[in-house]
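The structure appears below as structure tokens.
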Amino acid sequence: MMALGLIALVFVLLWLRQYLVVVLAAAAIYLYLTVGGGQVSNVILDGWDELQKDVLIAIPLYMLAGQLMAEGAMARRLVRIMRALTAAVPAGLAVATCLSCGVFAAIVGSSAVTLLAVGSIMYPALLAGGYSKSFSLGLLCAGATLGIIIPPSIPLILYGVMTGTSIAELFLAGVGPGLLLLALLTAYSLATQWQLRDKRWDGVEIRVALREGTWALLMPIIILGGIYSGKFTATESAAVASVYALFVELVVYRHLNWRALKGVVLDTSRLMGGLFPVLMMALSINKLLVYQQVPQMVVGQLESLISGPTGFLLVSNALLLVVGCLMDIGSAILLLAPILQPVAESQGLHPVHFGIMMTVNLEIGYLTPPMGLNLIVAMTAFRESFGFICRAVLPFILLMMVGLIVVSFWPRLSLFLIG
Amino acid sequence: MLALETAVLLTAFATLILVTFADVALRTITGSGLLWSRDVGIYANIWLSMLGIGIASSQGSHLRPRFMDSWVRASWNSWLPRVQELLTAAGFLLLAVIATRVVADTRQLGDSNSVLRWPIWIFQLCMPVALGFATFKHALFALYPVLRPQERDETSEAPRA
């Protein structure tokens, strides 16, 4: 009865177009009133306690670094390097787009920022280079999703926070699947656009692009090198990344002024203001559920229904693909990770591997209607119809599904770096 | 109100970056970091996130699952936004009241941060303040829908056309 009441409450609030923070707050208050001993103040108190995790500091700092790079000159210079290096390769512009998305993703940790930063430069170039509108949009939308699996990744941080999984290990585990997806996109571009050759290699252009883009190229090396060498934690790496981005954009490239910087900071704060209250409520609910041993009960119920890890992988992948169509990745991780991860562990799956699989799965949600974020961003930014973009991404969704199957059933791809 | 929010927000962000980076830099150079940087960073992060609620409200960028949007009759769209804003304001008001109680309780208990030696209720104050600002804004949007910002089709990122 209590569960039915909760479901009804959530559905009515969603139907009345309530924001996720209000829906979760209502759910939390309801739960504390019914099973939490009526201690409603714990909704805020537990959320406050959970926000004391220092790893959460990494989120605004990575977001700021990404926004600075997208607004400043670093993205443009990185793309120029990739274009110069792939000029003579068949389908060179398409390969440059894939590589630019991959490198940019290794800095930003966000999909829409990658799509806009790389897309604003590469979309006109791809069209001018003879690539079809459909292929160009599909490639950009799919390539940009790499931002959430190639570390540093904000969804991976959220998964780590919600499930208590090591974020450094999640970052390490994201490398293999990220490279696999990048390779799949590149191979597909080569296979379908082989006849399109941009031009010959230009030694002068390569030298100039590398010289002017050195500062930008150092960014992923500093972030990832710092984490993987053990020099920095994920949080410290985020601090170094944001200060480095500030230094390069304000002092070296001088592309941003203080006014623009203020805009970037406020924009990042707006994103934080949307994310953190939801995170606070989700953590508060999670704490109560753990206290009430709900995950154990869910595990017990599902264990009788699902037979073995293969069955669980198939069911959870199908569930997450549907959820990815309806919900953004942040909300999906906050709501589902604490419930699904214990079940995955009970089925013998490594929590890090499951986190990566979940993220790759929800990554596909960026491309699936009706809620695919990259579809909506591309529709607005490149002024194409929603239906046209949905059709354009279709082959890339199939490609990413292949990647998802590999990631799901070959855990070693995710776990080889963490032993 | 917006100017004050902005000023506090920028200060919190600057503090977060400077303190976190200074800790890494000092530890790398001298071998020991700042003992208090973790706590200051956490509180700065909470302040900027909480005050970000108001900015998100002003710019219509709170997270909202939209898959049920088409489940209502088109004719309801004339009054549904007012109900939506009113309910949101009520939700934020409820949270603001609970947060105020939490801050008052913490103050009464005299809890203080063991590293910074500051009373914790001062840091917690950002919660009722930010939630109060958000309540006011959404109540205003319910009363004057013309002030209501257009919702942004985004989640954890910032697309700009």
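Sequence lines set the chain letters: A, B, ... in the order given, protein chains first and strands last, and positions in each chain run from 1.
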Exercise. Around Trp79(B), counting heavy atoms of other residues, nucleotides and ligands shown, do more than 12 lie under 6.0 Å from its CH2?
Worked result: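 Buried by this count: over 12 neighbours within 6.0 Å.
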For this session: Starting at CE of Met50(B), measure out to CZ of Phe133(B) and round the result to the nearest 0.5 Å.
Result: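 Separation between the atoms: 14.0 Å.
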Problem set entry | Atom pair CG/CG of Leu275(A) and Leu20(A) - distance to nearest 0.5 Å |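 It is 10.0 Å, given to the nearest 0.5 Å.
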Quick one: what part of [X] sits under 4.5 Å from any heavy atom of chain B, side chain, backbone, both or neither?
| X | result |
| --- | --- |
| Leu279(A) | neither |
| Val22(A) | side chain |
| Leu246(A) | side chain |
| Val240(A) | both |
| Phe11(A) | both |

For this session: Check whether the side chains of Tyr62(A) and Ser237(A) place a donor and an acceptor atom closer than 3.5 Å, and report yes or no.
Result: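 Yes, because at least one side-chain N or O of Tyr62(A) sits under 3.5 Å from a partner of the opposite role on Ser237(A).
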Residue, of [options], that accumulates the most heavy atom pairs under 4.5 Å with chain A:
| options | answer |
| --- | --- |
| Leu48(B), Asp105(B), Leu16(B) | Leu16(B) |
| Glu85(B), Gln124(B), Arg101(B) | Gln124(B) |
| Thr106(B), Leu131(B), Val102(B) | Val102(B) |
| Leu18(B), Val83(B), Thr28(B), Leu10(B) | Leu10(B) |
| Asn77(B), Asp23(B), Val97(B) | Asn77(B) |
| Asn45(B), Ile55(B), Val72(B), Leu9(B) | Asn45(B) |

For this session: Specify whether His62(B) and His138(B) have parallel, tilted or perpendicular ring planes, treating 30° as the upper limit for parallel and 60° as the lower limit for perpendicular.
Result: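 Tilted: the ring planes of His62(B) and His138(B) meet at 30° to 60°.
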Exercise. Would you say Ser242(A)'s side chain and Ala239(A)'s backbone share a donor-acceptor pair under 3.5 angstrom?
Worked result: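 It does hold such a pair.
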For this session: Between chain B and each of Lys262(A), Met272(A), Arg17(A), count heavy-atom pairs under 4.5 Å; write down the option with the most.
Result: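 The residue among Lys262(A), Met272(A), Arg17(A) with the greatest pair count is Arg17(A).
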For this session: In plain terms, say whether Asp69(B) and Arg64(B) are close enough for a salt bridge, that is, a side-chain N and a carboxylate O under 4.0 Å apart.
Result: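 Salt bridge: yes.
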